[in-house]
There are 2 protein chains.
Amino acid sequence: MSSLPRAKGAAAPRPRIAAGNGAIASPLADSPAFLVRLAQLRAFEEFHRNFAGLGVTPAGFSVLALIAANPGVRPGTIAEELRVKPSNVAALVNALVAAGLVERTVDEAELRASMLHMTTAGARAWQEMERTHRDTDARFVEALTPAERRQFVALLRKLLHR
Amino acid sequence: MSSLPRAKGAAAPRPRIAAGNGAIASPLADSPAFLVRLAQLRAFEEFHRNFAGLGVTPAGFSVLALIAANPGVRPGTIAEELRVKPSNVAALVNALVAAGLVERTVDEAELRASMLHMTTAGARAWQEMERTHRDTDARFVEALTPAERRQFVALLRKLLHR
DNA sequence: TATTGTTATACTCTATAACTATA
DNA sequence: TATAGTTATAGAGTATAACAATA
């Protein structure tokens, strides 16, 4: 296949996705924000496939992970870590409490504050979820080499740094 | 600050985010899927800040971008490109039609199919949106060097390849 | 029958606003 | 007054199911 010479300074041809039969111009194929959105769609898809039956949503899982690693952690701290509003954390914790995975207690030295702990059932469930999460991540980035995965994580961390 | 020697084979200490005052263990700081979720939160935040008043949502914008680059494109094709269900594209197109930015016509040679075009008003609005989108992307990745941005995009493309 | 598209509906995730209780 | 947390609610984004029209 040959191509005509391109005028000096002319834009490069649009990149294309899904170069199958009816390929169309994909003006967003160069957009980091758009590609991140597609990547997250894939990540959620992978999550749902792997966590089916485990009784947690992606957001619920992220809250549970922070409670597992930080027994007694407060809702406000979780909200900061996850970059969401405290009201959302409250709702997610409600679901985890209803599922019997998490308990709320009151901080004696700061009666306004809640302290979040996993229940025994929560700890047991967490073991399987932790394994499942490792597998899910591995599948998510399975198209990348180990070095590329590290690079990807490093770039994301730099992008998110504040 | 000194640290005790670590037993051979022991896990490295948990990475921490937001190493401010009350830093907590962030067991998800190594998870590509979780970091992608945080990155998308930032991307939407940036979108809303920059597109305020332009009358489109992120999903609506992505549909409009495909119509702008592919006059006459069909809803099903857009659904494939955006990796969402056709029913969602229908709703997003409804909103763009209601806003006067897009028109639906019927394909004469395939009466089942719709053909999507921008209106004159849509084309005018699109010019500003395209500029805004470039700025938004630039701010989204402003912590990265140009080379890192290219690397980031390349890794995302590889990750998404199917 | 299979394909294209749409409507109706439900669920997840997030944000804002209003409220209670404590500091 | 300011802070920690919660409830109530709304909006965006996605999916599934049921349907109509066309191939």
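Chain letters run A, B, ... following the sequence lines, proteins first, then strands; residues in each count from 1. Only this structure's heavy atoms are used, side chains among them; waters, hydrogens and symmetry mates stay out. For clarity, every value in this text was computed on a predicted model and none was experimentally measured.
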Within this structure, what is the [atom1]-to-[atom2] distance between [X] and [N], rounded to whole angstrom?
| X | N | atom1 | atom2 | answer |
| --- | --- | --- | --- | --- |
| B:H48 | D:dG11 | NE2 | P | 13 Å |
| A:F47 | C:dC13 | CZ | C1' | 13 Å |
| A:L111 | D:dT6 | CG | C1' | 16 Å |
| B:R74 | C:dT6 | CZ | P | 11 Å |
| A:N94 | D:dG5 | CG | C1' | 11 Å |
| B:K85 | C:dC11 | NZ | C1' | 16 Å |
| A:E108 | D:dA4 | CD | P | 18 Å |
| A:E80 | D:dG5 | CD | P | 10 Å |

task: Would you indicate which nucleotide in C:dA15, D:dA12, C:dT12 comes nearest to any side-chain atom of B:P58?
output: D:dA12
[X] side chain near [N] phosphate (N/O to OP1/OP2, under 4.0 Å):
| X | N | value |
| --- | --- | --- |
| A:R83 | C:dT14 | no |
| A:R104 | D:dG5 | no |
| B:S87 | C:dA8 | no |

message: Would you call the rings of A:H48 and A:F44 parallel, tilted or perpendicular, taking 30° and 60° as the class edges?
response: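 Ring orientation, 0 to 90° scale: perpendicular.
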task: Check the angle between the aromatic planes of B:F152 and B:F140 and answer parallel, tilted or perpendicular using the 30° and 60° thresholds.
output: tilted
- prompt: What nucleic acid atoms does A:A90 come within less than 4.0 Å of, heavy atoms only: base, sugar-phosphate, or nothing?
  reply: base
Any donor-acceptor pair under 3.5 Å from [X] side chain to [Y] backbone:
| X | Y | value |
| --- | --- | --- |
| A:R74 | A:G72 | no |
| B:S26 | B:A29 | no |
| A:N50 | A:T132 | no |

query: In terms of the nearest nucleotide of DNA chain D, which residue is placed more toward the 5' end: A:P75 or A:L41?
result: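 Upstream on the strand: A:P75.
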query: Which residue lies toward the 5' end of DNA chain D, A:N88 or A:E110, if each is placed at its nearest nucleotide?
result: A:E110
- request: Determine whether any donor atom in the side chain of B:S114 lies under 3.5 Å from an acceptor atom in the base of C:dT6, or the reverse, and answer yes or no.
  value: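 No such pair is found, so the answer is no.
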field: Most 5' of B:R112 and B:L116 on DNA chain C, judged by nearest nucleotide
entry: B:R112
